[in-house]
Amino acid sequence: MCGRYVRSSTDELLASYFGVSYTPYPWTAPSFNITPQSTQPIIRLNPRTHKRELAPSRWGLIPSWAKDSKIGLKTFNARSEDIDTKPVFRQSLKERRCLIPADAFYEWQKITTKDRQPFVIALNSRQPFAFPGLWDRWHDQDGSILDTFSILTTSANALMAPIHDRMPVILSPTDNDAWLQSKEPPLQLLRPFDATQMLAWPVSDRVGNVRNNDPTLIEPITPRKRTLFD
DNA sequence: CCAGACGTTGTT
DNA sequence: GTCTGG
DNA sequence: CCAGACGTTGTT
DNA sequence: GTCTGG
């Protein structure tokens, strides 16, 4: 997992969809090619007020006790199957769950050893949705604060299986609140999404270059290679 | 007991 | 902070 | 994300 | 130009 995520809606739309107020900070520009180590808006409960807020956070969770930040290079995803056994996620699972808004994500299908075909995956409805996530706050040596997050993954459903063996968990809109608010972590929500409610289509290799970030990245193409869908 | 690790995927 | 391995 | 590297051999 | 490492 898990390709790169795409967020093609404007932040105003996403914010209103998820019931959080929109603040036009620089980090809220629409993204079409979201990558680990980049800063993204997440939805969380404010640690003091316990109200929902949209907050900038870097993809790749660094636990508060980390001596240095490089553990964040390997925590962009968290496996939901055994999430409650991992020290690195334990406190965040209990106290700092979050939502990562998106309206699609990318995944790469392996064609040969070196050759891969990127796909966009979205809901039939083309509605926005949320990945369940965990976040934590880390203080670097200068004392400056860095908020970071991980996205929960699960096994591939029937739609994803031809593309990849893992996929991000997608929450039903009606479950978003439970993920944020439940006293105990609602692990039963961490399951593959209904495959009949999802679509996938091939897109240009340009998505593989992180510098490309424009709306044409998610336009369908004719696959250059024979894929498992052919 | 304490030292050392703590994570995931494979285009993250 | 919390767990594992020695 | 982007700075920085970008090589070879491995029984010769 | 493309890949890797942090």
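Keep in mind the model is a prediction, meaning the values are calculated, not measured. Below, chains carry the letters A, B, ... as their sequence lines are ordered, and counting in each starts from 1.
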Closest non-hydrogen atoms of A:Asp147 and A:Pro56, given as atom of the first, atom of the second and distance, are CB-O, 4.1 Å

Base, sugar-phosphate, or nothing for A:Phe89, non-hydrogen atoms under 4.0 angstrom? sugar-phosphate

When rounded to whole Å, the CE to P distance for the pair A:Met160 and B:dG10 reads 9 Å

Re D:dT8: Watson-Crick or G-U wobble partner, both distances kept under 3.5 Å, found to be none

Taking OP1 and OP2 of B:dT8, is either one under 4.0 Å from a side-chain nitrogen or oxygen of A:Lys86? yes

From CZ of A:Arg58 across to C1' of D:dC2 the rounded distance in Å is 12 Å

Checking B:dG10, C:dT2, B:dT8 against the side chain of A:Asn77 (C-beta onward), the nearest is B:dT8

Hey, are the side chains of A:Trp108 and A:Val207 touching, using non-hydrogen atoms and a 4.5 Å cut-off? yes

Taking every heavy atom of A:Pro132 against every heavy atom of A:Val169, the minimum-distance pair comes out as CD-O, 3.2 Å

Separation of B:dG10 atom P from A:Arg166 atom CZ, nearest Å, is 9 Å

Of A:Leu73 and A:Lys70, the one whose nearest nucleotide on DNA chain B sits closer to the 5' end is A:Lys70

Please tell me if A:Arg90 has a side-chain N or O lying less than 4.0 Å from either OP1 or OP2 of C:dC3.
yes

Atom CG of A:Leu134 and atom P of B:dT8 are separated, to the nearest Å, by 11 Å

Taken to the nearest whole Å, CG/A:Leu93 to C1'/C:dT2 is 14 Å

N-O pairing of A:Arg96 and A:Asp136 below 4.0 Å: yes

When rounded to whole Å, the CH2 to P distance for the pair A:Trp65 and B:dG4 reads 15 Å

A:Asp84 CG to C:dC3 C1', in whole Å, measures 14 Å

Exercise for review: Count the heavy atoms of every other residue, nucleotide or ligand shown that sit under 6.0 Å from CD of A:Glu184, and state whether that count exceeds 12.
Suggested key: no

By nearest-nucleotide position on DNA chain B, the 5'-leaning member of A:Arg79 and A:Val207 is A:Arg79

In Watson-Crick or G-U wobble terms, with both distances under 3.5 Å, the base opposite D:dA3 is E:dT4

Checklist entry - Mind checking the P distance from B:dT8 to C:dT4? Whole angstroms is fine. => result 15 Å

note: A:Ile62, atom CD1; B:dA5, atom C1'; distance rounded to Å ~ 17 Å

